[in-house]
Number of protein chains: 2
Amino acid sequence: MDYNPDHILPSISTDSIIFGLDDDKLKVLLMKRVIEPVGKWSLPGGFVLEHEDLDIAARRILDHTTGMNNVYMEQVHTFGEVDRFPGRRVITVAYYALINYTLENLKPGPEASEIHWVDITQLPELAFDHRHIIDIALVRLQAKVRTEPIGFELLPAKFTLTQLQRLYEAVLGTAFDTRNFRKKILKMNLLLPLNESQTGVPHRAARYYSFNNDTYVKLKKKGFTFEL
Amino acid sequence: MDYNPDHILPSISTDSIIFGLDDDKLKVLLMKRVIEPVGKWSLPGGFVLEHEDLDIAARRILDHTTGMNNVYMEQVHTFGEVDRFPGRRVITVAYYALINYTLENLKPGPEASEIHWVDITQLPELAFDHRHIIDIALVRLQAKVRTEPIGFELLPAKFTLTQLQRLYEAVLGTAFDTRNFRKKILKMNLLLPLNESQTGVPHRAARYYSFNNDTYVKLKKKGFTFEL
DNA sequence: GCAAAAGTGTTCTTCGTACACCCATGC
DNA sequence: GCATGGGTGTACGAAGAACACTTTTGC
């Protein structure tokens, strides 16, 4: 038994699907690899250390490959097909996160030459089974958005109702009726209207809202049904 | 790199939460251990082989420890805290299954002295983090029952509406109004009324139903919202 | 005939849905 | 003054929720 704290578990990795919202497009963070398969795009990922909780490994690896930290991550699924990784057996645990991508400064780690936000509808060819992993994570995100409030992580602190609607539309890939969307979301008592509006826009300025944290936390626990 | 097909991955196991319905009680299958920690109750589980897909390992291990096979299993979550397993690092992938427990002949494997169905509300003290794993699996099952038809796996081929209602009540831990439950479930076109009733019961005989397989499969894909 | 569970309808309220026009702002 | 997106209400139908009595059977 080897308790060297840097000893890695060579058969267990984590990969992260980082979702961000760019205006009305849902994007995912990909890196261009400088290790095998060189030049291919992949999810940020790496191996778990022997002394390290799985959840913590996911966070460390994300920080290491992209410079992001303090990101809330949730486990999605574990991919364990024999031949999913070339040359040896590697089982990977996928985590996903939702972040407000405009705030982040991306710093590629030693295993990536570039990191980029890529539109979920326009993914390039990906290494390993990473395309499949993203598909599964997206399905999970879509289920989540229908049963729990999301947005807190994906939007800036102040946002307009249109931004929130665009978020739901981008995640679910459908369009909503503006009046019905507002009616439904406002009735939840989830949003706090602020005494502040957009400035410098060439059209009527939209009011800003923020999340009512109490309701947000309560609804996270209790769940709801969002269908329009 | 070792490709001996029997080489195990010593740091990766699977554990299974097998749910069954006993009349109006939701039960889970536990085994009494003959390996460490001897005498404690635990979920059926074991180590993944190097040449073996994760999903297949889960099925092999369940067969080996309980004699059950051809059970549909679904991955729930992967538990990877450093100290969850004593003495060395083991990450476990949990799978759950729903079965019609009365049909099964349980045959304890070499790692169990007894296997028993235990009421989900009366779990004994369990080895490792298995209590936590069951809690997570139950939450997942409760989410599933609200968005997809279940029952096909948990009930006999012919069942009464009361049995189906008891299933929902056992899983969700709440009582439903009989008239509203029937109205809702019958409107889904999910059930086929049979020309057959209970016999030998000391009260009015209930009609038997079976699942309409076409609708069942369609609703599995499409999903629904079940709330009463 | 009695105990025990099966079976059945109506009313009220809430919620989803469809739909079109005026408002505020920058240029 | 025009282009652009912000913001608002109503009517209809569907679905959820609450609620009590009769029926059938075995003993």
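In what follows, every chain begins at residue 1, and chains take the letters A, B, ... in the order their sequences are listed. Excluded from the calculations below are hydrogen atoms, water molecules and symmetry mates; all remaining heavy atoms, backbone and side chain alike, are included. On a predicted model such as this, the values are computed, not experimentally measured, just so you know.
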Passes salt bridge (Lys or Arg N to Asp or Glu O under 4.0 Å), B:Glu125 versus B:Arg131? Steps please. CA-CA 8 Å; B:Glu125 201 187 329; B:Arg131 174 58 193 262; over 6 Å; no
Using a 3.5 Å cut-off and no angle test, enumerate the donor-acceptor pairs between side-chain atoms of residues 201-209 of chain A and protein atoms at least two apart in sequence or in another chain.
| unit_1 | atom_1 | unit_2 | atom_2 | d |
| --- | --- | --- | --- | --- |
| A:Arg207 | NE | A:Leu194 | O | 2.9 |
| A:Arg207 | NH2 | A:Leu194 | O | 3.4 |
| A:Arg207 | NH2 | A:Asn195 | OD1 | 3.4 |

Rounded to whole angstrom units, what separation is found between the NE2 atom of B:His203 and the P atom of C:dA6? 5 Å
Can you list the residues that meet the salt bridge (Lys or Arg N to Asp or Glu O under 4.0 Å) rule with A:Asp53, with sequence neighbours excluded? none
Going by distance alone, is a donor N or O of one side chain under 3.5 Å from an acceptor N or O of the other, for A:Thr225 and B:Thr225? no
Shoot me the first and last contacting nucleotide of DNA chain D against chain A, ordered 5' to 3', at under 4.0 angstrom to non-hydrogen atoms. D:dA3 to D:dT10
According to ring-ring contact (aromatic ring centres under 6.0 Å, His included), who are the partners of A:Tyr95, at least two apart in sequence or on a separate chain? none
A:Val201 or B:Pro202, whichever maps to the more 5' nucleotide of DNA chain C: B:Pro202
Between A:Lys25 and A:Asp119, does any side-chain N to carboxylate O distance fall below 4.0 Å? no
Mind checking what makes ring-ring contact (aromatic ring centres under 6.0 Å, His included) contact with A:His77, not counting sequence neighbours? A:Phe79
Take atom CG of B:Leu164 and atom C1' of C:dA6, then tell me their distance rounded to the nearest Å. 15 Å
For nucleotides 7-15 of chain C, just jot down a letter per nucleotide in 5' to 3' order: B, S or -, based on protein non-hydrogen atoms under 4.0 Å. SBBB-----
Is the Lys NZ or Arg CZ of B:Lys184 less than 6.0 Å from the centre of B:Phe226's six-membered ring, within 45° of the axis? yes
